[in-house]
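What you see below is based on every heavy atom in this structure, not just the backbone, and it leaves out hydrogens, waters and symmetry mates.
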Amino acid sequence: MFELPLQLIDDFLMNYHLGHVLLLLFVLAAAGGFAANRSLKVLGIQFSLFGLLFIITPSTTMPVEFFYLGIGLAVIGPVIAISADS
């Protein structure tokens with residue numbers, strides 16, 4: 001079995017933090033939720049929940065820019081959910 005040296009994996013992962021992981025999860029969840037049922041209401045709820053998640057995540061684990069992204073998503077999410085047809 002081929003084993004990767006831990007040094008290479010560690011060097012790759014040291015460039016990322018929790019904010020990048022949450023952003024990747026948000027993009028994948030939004031794409032998957034919209035592709036599954038094409039509902040803007042579900043998309044708005046996802047935006048709201050990920051906005052709250054970005055807001056409540058401690059600032060020591062990610063830069064402050066992700067906090068501002070969370071505020072924007074928490075504001076935009078309910079607008080999208082309410083304005084959806086059904």
(message) Rounded at 0.5 Å granularity, tell me how far CG in L53 sits from CG in L22.
(response) 5.0 Å
(request) Treating Ile, Leu, Val, Met, Phe, Trp and Tyr as nodes and any side-chain heavy-atom pair under 4.5 angstrom as an edge, say whether F67 and L24 lie in one connected cluster. (result) no
(request) Drop me the distance from F26's CZ to L28's CG, to the nearest 0.5 angstrom. (result) 11.0 Å
(request) Measure centre to centre between the rings of F54 and Y68, then say whether the value is under 6.0 Å. (result) no
(request) Return the set of residues passing side chain to side chain contact (heavy atoms under 4.5 Å, CB included) with H20 (not counting sequence neighbours), or none when no residue passes. (result) Y16, H17, F66
(message) Membership question, hydrophobic clusters at under 4.5 Å side-chain separation (ILVMFWY): are L25 and I55 in the same one?
(response) no
(request) List the atom of F47, the atom of G77, and the distance in Å for their closest heavy-atom pair. (result) CB-CA, 3.6 Å
(message) Nearest 0.5 angstrom please: L43 CG to I76 CD1, how far?
(response) 11.5 Å
(request) To the nearest 0.5 angstrom, please state how far the CD1 atom of I45 sits from the CD1 atom of I80. (result) 11.5 Å
(request) Given side-chain contact (heavy atoms from CB on, under 4.5 Å), test L69 with L23 step by step and report yes or no. (result) CA-CA 10 Å; L69 174 67; L23 186 62; 3.8 Å; yes
